[in-house]
Amino acid sequence: MKGWVPASVAAVAFGLGCFWYVGSPWVTLYGLRTAIEKHDVEGIIGYVDFAALRQNLKAQVGAGRTAPTPRTDANGWSLPTRDTSRLAAIDEQIDTYITPETVRLVLARAGPPEDGRSFTGAVNPAGELVRDVALDRTGLGTFVVHARNSPGGVGFVFSAHGLSWRLSGIDVPASMTQSIGKRITAW
């Protein structure tokens, strides 16, 4: 008779764990979309891990660059390559622009629509979100969101922060990072 209490508690805990694993990413995406549509700047900022996002972008830009070409002067002396200073300048720009203050500034300049409504009107039903995006789990604490109509495109990486999720990276296709890297090297 007393054995059903621990079994019930275990079943409820298991059910909550399953919901967190399957449902909480969708709840997060719906909350983020709602914040965007309602022009809730602080709500949007709450869904982003800016430090992780900056590190992710720096790593992708750095990995996409090609090896610098050794340079020599007229006498055959080796000259330092400018590649590392260019990369440092890009890292500094990422540090400067990927911040909550930048999000606040950009969205404040955009301002709410003149009729006082959200960007796209009323918040759309959750079913439309499921129809528009594909969610891929890459681990227990990470998932990637892609647009359903562009497989292989840019993906938004969310990582677990406690029981919630935050945008912590952007998966840029290799062709784009290589293109950026070549521009850095040629710059």
Side-chain angles (χ1 to χ4, degrees), residues 20 23-65 86-139 141-150 152-177 179-181 183-184 187:
W20 178 82
S24 66
W26 292 105
V27 171
T28 297
L29 292 177
Y30 185 73
L32 178 59
R33 188 183 73 183
T34 301
I36 291 168
E37 289 182 349
K38 290 188 177 213
H39 202 73
D40 177 8
V41 177
E42 295 306 315
I44 295 167
I45 290 171
Y47 285 106
V48 180
D49 180 354
F50 287 95
L53 184 58
R54 284 190 294 267
Q55 289 306 109
N56 172 270
L57 291 174
K58 288 178 190 178
Q60 289 188 69
V61 169
R65 68 182 175 87
R86 292 178 189 143
L87 212 48
I90 290 174
D91 284 354
E92 188 175 316
Q93 289 176 350
I94 289 172
D95 286 336
T96 301
Y97 293 118
I98 308 297
T99 64
E101 293 78 23
T102 304
V103 173
R104 284 186 193 101
L105 180 67
V106 168
L107 293 178
R109 285 195 178 176
E114 295 183 12
D115 62 3
R117 295 177 54 194
S118 63
F119 289 119
T120 60
V123 176
N124 296 321
E128 291 183 15
L129 179 65
V130 173
R131 183 193 67 212
D132 295 339
V133 300
L135 187 144
D136 299 320
R137 282 287 193 162
T138 55
T142 310
F143 69 90
V144 181
V145 177
H146 298 276
R148 246 189 227 287
N149 60 357
S150 65
V154 174
F156 297 94
V157 180
F158 286 79
S159 297
H161 287 265
L163 294 176
S164 63
W165 300 90
R166 289 189 179 174
L167 177 67
S168 59
I170 299 175
D171 277 347
V172 180
S175 60
M176 289 177 74
T177 57
S179 173
I180 293 168
R183 289 184 189 142
I184 293 169
W187 177 29

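Remember, it's a predicted structure, so these values are computed and weren't measured experimentally. The figures that follow rest on heavy atoms only: side chains count, while hydrogens, waters and symmetry mates do not.
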Exercise for the section: Determine the interplanar angle of the Phe143 and Trp165 rings, folded into 0 to 90°, and report it as parallel if under 30°, tilted if 30 to 60°, perpendicular if over 60°. Expected result: perpendicular
Handout entry: Asp49 CG to Gln55 CD distance, which is reported to the nearest 0.5 Å
Key = 10.5 Å
Exercise for the section: For the pair Thr28 (side chain) and Ser24 (backbone), establish whether a donor and an acceptor sit closer than 3.5 Å, ignoring hydrogens and angles. Expected result: yes
Handout entry: Gly139 backbone acceptor or donor facing Thr142 side chain under 3.5 Å
Key = no
Exercise for the section: Tell me, with the steps shown, if Lys58 and Asp95 meet salt bridge (Lys or Arg N to Asp or Glu O under 4.0 Å). Expected result: CA-CA 9 Å; Lys58 288 178 190 178; Asp95 286 336; 2.7 Å; yes
Problem - Where Val144 and Gly155 come nearest, the two heavy atoms and their spacing - result: CG1-CA, 3.9 Å
Exercise for the section: Dump the intermediate steps for side chain to side chain contact (heavy atoms under 4.5 Å, CB included) on Asp40 and Glu42, then the final yes or no. Expected result: CA-CA 6 Å; Asp40 177 8; Glu42 295 306 315; 4.2 Å; yes
Practice task
Apply the test side chain to side chain contact (heavy atoms under 4.5 Å, CB included) to residues Leu53 and Ser168: give CA-CA distance (whole Å), side-chain angles for both, the deciding distance (0.1 Å), then the verdict.
Solution key: CA-CA 5 Å; Leu53 184 58; Ser168 59; 6.0 Å; no
Practice task
Using atom types as modelled and distance alone, determine if a side-chain donor or acceptor of Arg166 lies under 3.5 Å from a backbone N or O of Phe158.
Solution key: no
Problem - Working for side chain to side chain contact (heavy atoms under 4.5 Å, CB included), residues Thr99 and Arg54 - result: CA-CA 9 Å; Thr99 64; Arg54 284 190 294 267; 4.0 Å; yes
Handout entry: Minimum heavy-atom distance between Val172 and Gln60, given as atom pair plus value
Key = N-OE1, 2.9 Å
Practice task
Begin from the C-alpha positions of Leu32 and Val48 and carry the test side chain to side chain contact (heavy atoms under 4.5 Å, CB included) through to its verdict.
Solution key: CA-CA 10 Å; Leu32 178 59; Val48 180; 5.8 Å; no
Handout entry: Flag side-chain contact, heavy atom, 4.5 Å: Val103 against Phe50
Key = yes
Exercise for the section: For the pair Asn56 (side chain) and Ile170 (backbone), establish whether a donor and an acceptor sit closer than 3.5 Å, ignoring hydrogens and angles. Expected result: yes
Fill in the blank from the handout: On a heavy-atom basis, the closest approach of Pro100 and Ile45 is O-CD1, 3.6 Å
Practice task
Using atom types as modelled and distance alone, determine if a side-chain donor or acceptor of Thr34 lies under 3.5 Å from a backbone N or O of Tyr30.
Solution key: yes
Exercise for the section: State, to 0.1 Å, how close His146 and Asp136 come at their nearest heavy-atom pair, and which atoms those are. Expected result: CD2-OD2, 3.4 Å
